[in-house]
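Reviewing the structure listed below.
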2 protein chains.
Amino acid sequence: MARFKGQAAYSVDAKGRVAIPAKMRNALTPEAQGTFTLTKGFEKCIYAYPQDGWKVKEDEYSQLNVNNRKARHLIRMILMWAEEVSLDGQGRISLPRSLSDYAGIGERALIIGAMDRIEIWDPEAFEEYLQEQTMDQESLAEEVMGS
Amino acid sequence: MARFKGQAAYSVDAKGRVAIPAKMRNALTPEAQGTFTLTKGFEKCIYAYPQDGWKVKEDEYSQLNVNNRKARHLIRMILMWAEEVSLDGQGRISLPRSLSDYAGIGERALIIGAMDRIEIWDPEAFEEYLQEQTMDQESLAEEVMGS
DNA sequence: GGAAAACTCCCCACTTTTCCCCACTTTCCT
DNA sequence: AGGAAAGTGGGGAAAAGTGGGGAGTTTTCC
């Protein structure tokens with residue numbers, strides 16, 4: 001499965017299209033077939049999962065019990081924002097209005113590789129996000145990963 | 001089996017027809033033969049199962065114990081509202097009055113992909129539903145899916 | 001029992017959106 | 001410096017969405 005890293009800012013054209021950095025495109029496995037599933041991020045951004053990675057997520061959700069109220073709600077919340085998009089001949093995807101509105105994306109978008117997914121941020125929203133994070137990288141690593 | 005995702009609002013015409021989003025139509029397996037079984041949702045909406053998916057549901061219900069009063073009642077409640085509909089040449093289905101009344105659907109309908117089924121909501125009813133749900137997505141995911 | 005009303009199921013026609021392709025500019029690499 | 005790859009912008013064909021007519025069937029009501 002693809003592992004994404006790096007970051008770059010790209011322009012969003014009048015038709016709502018953004019280029020996916022060539023480095024990340026090249027990291028895609030053939031199984032992804034140049035296709036991503038976009039969803040609302042937990043933060044104010046868009047998550048883009050390559051098709052093969054999304055498949056795994058989806059399989060997890062499909063095992064939830066439909067007779068459980070909370071499970072039904074979770075599935076709705078996740079899937080209603082999910083949208084499948086493919087790279088066009090120029091290596092771009094087009095962002096659905098609903099998602100770019102949610103993420104506050106305007107003329108430019110910041111694209112960040114984050115392991116099994118790509119994140120698409122409004123550059124300013126990302127700045128704000130950084131400000132809010134008070135803990136330094138070292139203590140964070142210790143808290144999250146320290147045994 | 002088909003996996004549905006995404007959401008879109010469509011108009012309901014004077015004849016009670018709604019378009020099914022092309023993305024969802026394309027997700028249908030040939031086995032579904034462009035046919036859905038509609039039934040009352042657990043929430044104030046209509047559930048639409050593709051024919052092949054409905055078959056599986058039916059099998060589940062048929063395995064319930066007929067000697068159990070509550071099981072008999074559940075089966076009645078589900079089946080009495082079930083109605084089979086097919087896509088017309090323009091990719092639409094027509095909503096039976098009884099179901100659209102139940103869901104409170106008027107001029108417009110919100111169509112949501114939810115895994116093995118499609119849900120059809122009145123846009124305002126869906127808004128109300130969202131208001132009622134207090135838990136945020138992150139804690140919900142943690143509770144339902146475990147760490 | 002029969003006429004009127006309602007509902008289905010095909011059509012066809014029009015509008016809007018999407019997507020595919022081509023062309024130009026900029027950046028990167030040797 | 002020159003060529004190739006990456007990024008940006010826009011035009012046009014095709015598909016999707018919307019609305020309505022009209023034949024045939026069923027339901028309703030007197």
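Each chain gets a letter, A, B and so on, in the order the sequences are listed, and its residues count up from 1. Every value quoted in this text rests on a predicted model; they were computed, and no experiment measured them.
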query: Hey, does A/Ile46 have a side-chain heavy atom less than 4.5 Å from the side chain of A/Ile105?
result: yes
By side-chain contact (heavy atoms from CB on, under 4.5 Å), A/Phe42 pairs with (sequence neighbours left out) A/Tyr47, B/Gln137, B/Glu138
- Can you check side chain to side chain contact (heavy atoms under 4.5 Å, CB included) on B/Ile118 and B/Ile112, steps first, answer last? CA-CA 6 Å; B/Ile118 289 172; B/Ile112 300 179; over 6 Å; no
Contacts of A/Asn26 meeting side chain to side chain donor-acceptor pair (under 3.5 Å) (sequence neighbours excluded), chain-then-number -> none
Only one of A/Leu95, A/Val12, A/Leu99 passes side-chain contact (heavy atoms from CB on, under 4.5 Å) with A/Ile120, and that residue is A/Leu95
Residues pairing under side-chain hydrogen bond (donor to acceptor under 3.5 Å, both in side chains) where one sits in residues 82-93 of chain B, two or more places apart or in two chains, turn out to be B/Thr35-B/Ser86, B/Asp88-B/Arg92
Counted 5' to 3', the first and last nucleotides of DNA chain D within 4.0 Å (strictly under) of a heavy-atom of chain B are D/dA16 to D/dG22
Distance-only check: which donor-acceptor pairs under 3.5 Å involve side-chain atoms of residues 3-11 of chain A, not counting sequence neighbours?
none

Pairwise side-chain contact, A/Arg72 with B/Glu43, heavy-atom cut-off 4.5 Å (strictly under): yes
Could you walk me through whether B/Leu87 and B/Leu28 pass the side chain to side chain contact (heavy atoms under 4.5 Å, CB included) check? CA-CA 11 Å; B/Leu87 291 167; B/Leu28 282 175; 4.1 Å; yes
Contacts of B/Lys15 meeting side chain to side chain donor-acceptor pair (under 3.5 Å) (sequence neighbours excluded), chain-then-number -> none
Computed from five pairs at either end and rounded to 10 degrees, the angle between the axes of the helix from C/dG1-D/dC30 to C/dT30-D/dA1 is 30°
Sequence neighbours excluded, the answer for ring pair (Phe, Tyr, Trp, His ring centres under 6.0 Å) partners of B/Tyr129 is A/His73, B/Trp121, B/Phe126
Within residues 89-97 of chain B, the residues having a heavy atom closer than 4.0 Å to DNA chain C are B/Gln90, B/Arg92
Within residues 13-22 of chain A, those residues having any heavy atom closer than 4.0 Å to DNA chain C are A/Lys15, A/Arg17
Sequence neighbours excluded and cut-off under 3.5 Å, please list the side-chain donor-acceptor pairs for residues 48-60 of chain B, or say none.
residue, atom, partner, partner atom, Å
B/Asp52, OD2, B/Thr29, OG1, 2.6
B/Trp54, NE1, B/Glu58, OE2, 3.1

Separation of C/dT8 atom C1' from B/Glu84 atom CD, nearest Å, is 15 Å
Separation of C/dT17 atom C1' from A/Asp88 atom CG, nearest Å, is 16 Å
For B/Val144, the side-chain contact (heavy atoms from CB on, under 4.5 Å) test, sequence neighbours excluded, returns A/Leu64, A/Lys70, A/Ala71, A/Leu74, B/Leu140
